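Have a look at the structure below, then the notes.
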Amino acid sequence: MNKNKLAVFLLPLLINSAQAASPDASTLAAESATGTQRFADRCTDFTTNSWAFKAPRNFLKWLDVFTDPAIYLEFANRGMDPQAYVRSLSSLLDPGTPRNYLEWSNPEIYTQWAQSAFEPEFYTAVNSILFDPGRMMRWVMLPVDGRAWNVLGNAINPATWVKWLNAPFDPNTQALLAKAANPETTRLWLEALGDPSNMPWFYAPSSAYGAQPTGLQSMGAKPAKDQIRL
């Protein structure tokens, strides 16, 4: 009987300890939402939006996000915000945009993809993302997902339409128009296009380049300083 009493006494303590050690569900959801927003920012920014296909490891990160319904719900909400388009167009006028696309001249990009084409680990990583049961269940449950209904609510919300009516007079929109009309914007763009440092085909590949690991365990790895930008 003493042992049973001791077990009853210790059980609440053990449960509290386990709950304290495990991550809070709301914290995990917030971290996931933040990650989705970060990828949406990257893909709508013309200075970075081609990152996903510049290396196989980048592609795995992109595939992991873009096979989940959360990113499409994020884009659906952004599509109803006129300032989301303003931010994207503003990045198009940035001199980082030509730099971003000139990186495609780097032969190392094609070398990495050619190497990955013969790596079974790459195909294993792709399949583990595409056939993840949890991911499939999130798609099945999408019609009853509260986030999907929030998108519908935003679409019929009068405040959404008021944003569009007021968009031409928004300071950010005016700043975009001023940036587009500024000759300095054109000058910086042309300088970036003609800058030899933005044209990797002029240089031999760095010794830091080479085959990147493509397994899922490497998806959180940091790139070397002079590797292709993620």
Side-chain angles (χ1 to χ4, degrees), residues 23 27-76 78 84 87-88 91-92 94-139 192 195-230:
T27 301
L28 291 176
E31 290 177 354
S32 176
T34 301
T36 300
Q37 292 170 359
R38 180 170 58 85
F39 274 91
D41 288 340
R42 181 180 289 181
C43 293
T44 53
D45 186 335
F46 280 91
T47 66
T48 58
N49 62 4
S50 66
W51 66 274
F53 301 96
K54 290 179 179 175
R57 181 166 57 87
N58 300 12
F59 174 76
L60 290 177
K61 294 180 183 180
W62 177 88
L63 187 66
D64 183 49
V65 172
F66 276 80
T67 52
D68 190 277
I71 189 67
Y72 299 99
L73 295 174
E74 176 69 19
F75 281 135
R78 292 188 182 211
R87 289 190 295 270
S88 186
S91 71
L92 177 62
D94 192 279
T97 296
R99 185 181 308 118
N100 175 34
Y101 289 98
L102 285 172
E103 285 182 353
W104 282 104
S105 65
N106 193 330
E108 185 60 25
I109 294 175
Y110 309 100
T111 300
Q112 289 184 18
W113 276 107
Q115 290 172 339
S116 294
F118 297 98
E119 291 181 358
E121 294 83 0
F122 178 72
Y123 299 100
T124 300
V126 170
N127 288 333
S128 65
I129 293 173
L130 295 179
F131 300 104
D132 176 22
R135 193 182 311 272
M136 294 179 182
M137 184 57 63
R138 288 193 291 274
W139 279 104
D195 187 350
S197 65
N198 294 335
M199 302 177 185
W201 68 76
F202 284 157
Y203 304 98
S206 166
S207 59
Y209 282 114
Q212 294 184 357
T214 54
L216 288 176
Q217 69 275 9
S218 67
M219 288 174 60
K222 300 292 185 182
K225 182 179 180 181
D226 57 345
Q227 283 181 334
I228 299 167
R229 291 184 299 125
L230 299 183

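Nothing fancy with the numbering, it's 1 onward along the sequence. Please read these numbers as outputs of a predicted model, since none were measured by experiment.
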Spatial distance of atom [atom1] ([X]) from atom [atom2] ([Y]) [nearest 0.5 Å]:
X      : Y      : atom1 : atom2 : answer
Thr36  : Asp68  : OG1   : CG    : 6.5 Å
Ile109 : Glu103 : CD1   : CD    : 7.0 Å
Ser128 : Glu121 : OG    : CD    : 12.0 Å

Q: Answer yes if the ring centres of Phe39 and Trp62 are under 6.0 angstrom apart, and no otherwise.
A: no
Q: Determine, for Arg78 against Glu74, whether the closest basic-nitrogen to carboxylate-oxygen distance falls under 4.0 angstrom.
A: yes
**Q.** Test: Arg87 and Asp41 ion pair at under 4.0 Å
**A.** no
Check: [Y] and [X] side chains under 4.5 Å, non-hydrogen atoms:
X      : Y      : answer
Val126 : Leu130 : yes
Trp51  : Asn100 : no
Thr44  : Phe75  : yes

For [X] and [Y], which heavy atoms make the closest approach, and how far apart are they?
X      : Y      : value
Ser116 : Tyr123 : O-CE1, 4.0 Å
Gln112 : Lys54  : OE1-O, 4.2 Å
Phe46  : Thr97  : CB-OG1, 3.5 Å
Ile71  : Val65  : CG2-O, 3.4 Å
Ile129 : Arg135 : O-NE, 2.9 Å

**Q.** Donor-acceptor under 3.5 Å (Trp139 side chain, Thr67 main chain)
**A.** yes
Q | Main-chain N/O of Asn49 paired to Arg42 side chain as donor or acceptor, under 3.5 Å | A | no
Q | Worked check of ring pair (Phe, Tyr, Trp, His ring centres under 6.0 Å) between Trp113 and Phe59 | A | CA-CA 10 Å; Trp113 276 107; Phe59 174 76; 5.7 Å; yes
Q) Asp94 and Thr47: side-chain donor and acceptor closer than 3.5 Å? A) no
**Q.** Chi angles and distances behind the side chain to side chain contact (heavy atoms under 4.5 Å, CB included) call for Phe122, Gln115
**A.** CA-CA 10 Å; Phe122 178 72; Gln115 290 172 339; over 6 Å; no
Q: For Arg99 and Leu102, run side chain to side chain contact (heavy atoms under 4.5 Å, CB included): C-alpha distance rounded to whole Å, both residues' side-chain angles, the deciding distance at 0.1 Å, then the answer.
A: CA-CA 5 Å; Arg99 185 181 308 118; Leu102 285 172; 5.8 Å; no
Q.
Other residues, nucleotides and ligands only: do more than 12 of their heavy atoms fall within 6.0 Å of OH on Tyr110?
A. yes
